[in-house]
**Student:** 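Okay, here's the structure, questions in a sec.
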Protein chains: 2
Amino acid sequence: MNNIQHTFAALGDQTRMAIIERLALNEISLSELAEPFAMSQTAVSKHVHVLSEAGLVEISKRGRTRYCRLKPEPLRAAEEWLETYQQFWSERFENLATFLTKEKSE
Amino acid sequence: MNNIQHTFAALGDQTRMAIIERLALNEISLSELAEPFAMSQTAVSKHVHVLSEAGLVEISKRGRTRYCRLKPEPLRAAEEWLETYQQFWSERFENLATFLTKEKSE
DNA sequence: CATTTAGTTAACTATTTGGTTGACTTTATA
DNA sequence: TATAAAGTCAACCAAATAGTTAACTAAATG
């Protein structure tokens with residue numbers, strides 16, 4: 001699946017965020033990706049598959065190697081969701097500030 | 001706690017995202033907040049406490065009523081994290097596009 | 001004062017999550 | 001061809017999560 005909840009859930013894990021930060025640099029093989037983590041390659045592979053299910057990573061097979069590549073689209077969607085709400089709150093806070101200022105001067 | 005992982009983890013749940021969307025409208029009591037959900041008030045209260053732990057909601061007691069208010073700061077931090085990465089990827093994609101265009105015309 | 005309302009707390013359950021290991025498949029290489 | 005490397009798959013485990021119900025506290029109200 002690929003909805004926004006999946007994106008947030010995928011990001012809500014330290015290891016997976018670190019994977020994303022690593023993949024932001026460049027495409028890399030699963031074993032190289034797994035190397036710095038203090039867990040088995042299988043575990044990292046599972047995390048990568050969670051990211052893949054969320055549409056955040058694309059896995060491509062070349063020979064016996066699996067390369068992982070970042071897919072930023074869901075992150076953009078997540079960012080847009082957050083942005084919408086923040087604009088709204090900014091307005092609310094501005095209004096609140098305006099209200100409080102007015103009340104003070106009366 | 002209040003780090004970015006907590007924020008993403010808190011958002012990675014349908015119910016909690018719905019709670020946030022509701023609280024974006026206005027402050028509201030726990031029982032009113034729980035009313036539309038197909039689960040017990042206790043369950044909703046737990047979700048609200050998860051959001052509270054993540055710094056996304058502030059609970060204030062007035063009489064016997066608990067009012068829940070949205071705290072947008074962690075969302076802003078989450079948005080900024082996403083934004084940074086997206087700017088970076090946009091550049092990368094632009095570079096890729098430039099590269100492909102050059103290659104084609106040669 | 002008796003009752004209702006708002007909510008917490010504790011105990012419990014089922015499912016999901018994050019991890020392990022060992023056996024296996026497939027591809028590359030000495 | 002034998003072996004090593006890259007990775008999957010299945011079975012398992014412990015802890016966390018999302019929910020329940022029942023008993024309770026505290027505040028408001030008839």
Side-chain angles (χ1 to χ4, degrees), chain A residues 1-23 26-71 74, chain B residues 1-23 26-71 74:
Chain A
M1 242 181 284
N2 199 4
N3 58 45
I4 204 162
Q5 249 104 254
H6 269 77
T7 305
F8 284 132
L11 292 173
D13 178 276
Q14 214 177 345
T15 306
R16 286 195 293 267
M17 245 178 89
I19 288 174
I20 286 190
E21 289 180 333
R22 175 62 192 79
L23 293 182
N26 55 341
E27 184 171 300
I28 193 179
S29 77
L30 240 181
S31 45
E32 282 181 285
L33 181 61
E35 199 273 323
F37 291 101
M39 64 182 73
S40 69
Q41 197 194 322
T42 306
V44 173
S45 177
K46 280 188 184 181
H47 280 301
V48 169
H49 276 88
V50 170
L51 291 168
S52 166
E53 284 297 306
L56 285 161
V57 164
E58 193 179 56
I59 307 167
S60 57
K61 188 179 169 180
R62 294 206 289 281
R64 64 185 164 183
T65 308
R66 266 78 172 174
Y67 290 94
C68 306
R69 196 176 111 241
L70 200 72
K71 305 273 283 179
Chain B
M1 243 180 283
N2 198 5
N3 57 46
I4 204 164
Q5 248 103 254
H6 269 76
T7 306
F8 284 132
L11 292 173
D13 178 276
Q14 215 178 344
T15 305
R16 286 194 293 265
M17 245 178 89
I19 288 174
I20 286 190
E21 288 179 333
R22 177 62 193 79
L23 292 182
N26 56 342
E27 185 171 296
I28 192 180
S29 76
L30 240 180
S31 46
E32 282 179 286
L33 181 62
E35 200 271 323
F37 291 101
M39 64 181 76
S40 68
Q41 197 194 323
T42 306
V44 173
S45 176
K46 281 188 183 182
H47 280 300
V48 169
H49 277 89
V50 170
L51 292 168
S52 166
E53 284 296 307
L56 285 160
V57 164
E58 195 179 56
I59 307 166
S60 57
K61 188 177 169 180
R62 295 207 287 281
R64 64 183 165 184
T65 308
R66 265 77 173 176
Y67 290 94
C68 305
R69 196 176 112 241
L70 200 71
K71 304 274 283 179

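The shown structure was predicted, so the numbers you read here are calculated from the model rather than taken from an experiment. Order of the sequence lines sets the chain letters (A, B, ...), proteins ahead of strands, with each chain counted from 1.
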**Student:** Checking B:R16 against B:L56 for the side-chain contact (heavy atoms from CB on, under 4.5 Å) test, could you report, in this order, the C-alpha distance in whole Å, the side-chain angles of both residues, the deciding distance, and whether it holds?
**Tutor:** CA-CA 10 Å; B:R16 286 194 293 265; B:L56 285 160; over 6 Å; no

**Student:** Testing the basics here: between A:L30 and A:Q41, what is the closest heavy-atom pair and its distance to 0.1 Å?
**Tutor:**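 Heavy-atom minimum between the residues: CB-NE2, 4.3 Å.
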
**Student:** Could you report the tightest heavy-atom contact between A:A10 and A:A54, atom names first, then the distance?
**Tutor:**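 So the minimum-distance heavy-atom pair works out to CB-CB, 4.0 Å.
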
**Student:** Just the rounded figure in Å: distance from C1' of C:dT15 to CD of B:Q14.
**Tutor:**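 Rounded to whole Å, this separation is 16 Å.
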
**Student:** So, for A:Q5 and B:D13, which heavy atoms are closest and what is the spacing to 0.1 Å?
**Tutor:**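 Shortest heavy-atom separation between A:Q5 and B:D13 comes out as CG-C, 3.9 Å.
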
**Student:** Taking all non-hydrogen atoms of both residues into account, name the closest pair between A:T7 and A:P74 and its distance.
**Tutor:**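 The pair with the smallest heavy-atom distance is OG1-CB, 3.6 Å.
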
**Student:** Nearest-Å distance, CZ (A:F37) to C1' (C:dT20)?
**Tutor:**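 After rounding, the gap between these two atoms is 18 Å.
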
**Student:** What does the list of N/O pairs under 3.5 Å between the protein and nucleotides 2-4 of chain C look like, with a distance for each?
**Tutor:**
none

**Student:** Take atom CD of A:E32 and atom P of D:dA5, then tell me their distance rounded to the nearest Å.
**Tutor:**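 Roughly 15 Å, once rounded to whole Å.
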
**Student:** Heavy-atom count check: over 12 atoms from other residues, nucleotides or ligands less than 6.0 Å from B:E21 CD?
**Tutor:**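 Yes, CD of B:E21 has more than 12 neighbouring heavy atoms, counting only those of other groups under 6.0 Å.
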
**Student:** Can you tell me the distance, in whole Å, between the CZ atom of B:R66 and the P atom of C:dT9?
**Tutor:**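 It works out to 8 Å between those atoms.
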
**Student:** Give the rounded distance in Å between these two atoms: CD of B:Q5 and C1' of D:dT17.
**Tutor:**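 After rounding, the gap between these two atoms is 18 Å.
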
**Student:** Any side-chain N or O of B:R62 under 4.0 Å from OP1/OP2 of C:dA6?
**Tutor:**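 Indeed not, no polar side-chain atom of B:R62 lies that close.
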
**Student:** With rounding to the nearest 0.5 Å, note down the distance linking CE in B:M17 to CZ in A:F8.
**Tutor:**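 One gets 6.0 Å once the value is rounded to the nearest 0.5 Å.
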
**Student:** Under the criterion side chain to side chain contact (heavy atoms under 4.5 Å, CB included), which of B:L51, B:I20, B:I28 is the partner of B:L70?
**Tutor:**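 Answer after filtering B:L51, B:I20, B:I28: B:I20.
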
**Student:** Hey, could you give me the CD/CZ distance between A:E27 and A:R62, rounded to the nearest 0.5 Å?
**Tutor:**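 Nearest 0.5 Å value for the CD-CZ distance: 5.0 Å.
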
**Student:** Can you tell me the distance, in whole Å, between the CG atom of A:L30 and the C1' atom of D:dA5?
**Tutor:**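 That distance rounds to 13 Å.
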
**Student:** Please report, rounded to the nearest Å, how far the C1' atom of D:dG7 is from the OH atom of A:Y67.
**Tutor:**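 Answer to the nearest Å: 13 Å.
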
**Student:** Closest nucleotide of DNA chain C for A:K61 versus for B:H49: which of these residues is on the 5' side?
**Tutor:**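 Mapping each residue to its closest nucleotide by heavy atoms, the 5'-most match is B:H49.
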
**Student:** With the threshold set at under 4.0 Å for non-hydrogen atoms, list the residues of residues 39-47 of chain B touching DNA chain D in residue-number order.
**Tutor:**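 DNA chain D contact set from residues 39-47 of chain B: B:M39, B:S40, B:T42, B:A43, B:K46, B:H47.
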
**Student:** Starting from P on C:dG18, measure out to CD1 on A:I19 and report it in whole angstrom.
**Tutor:**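 Atom CD1 in A:I19 sits about 11 Å away from atom P in C:dG18.
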
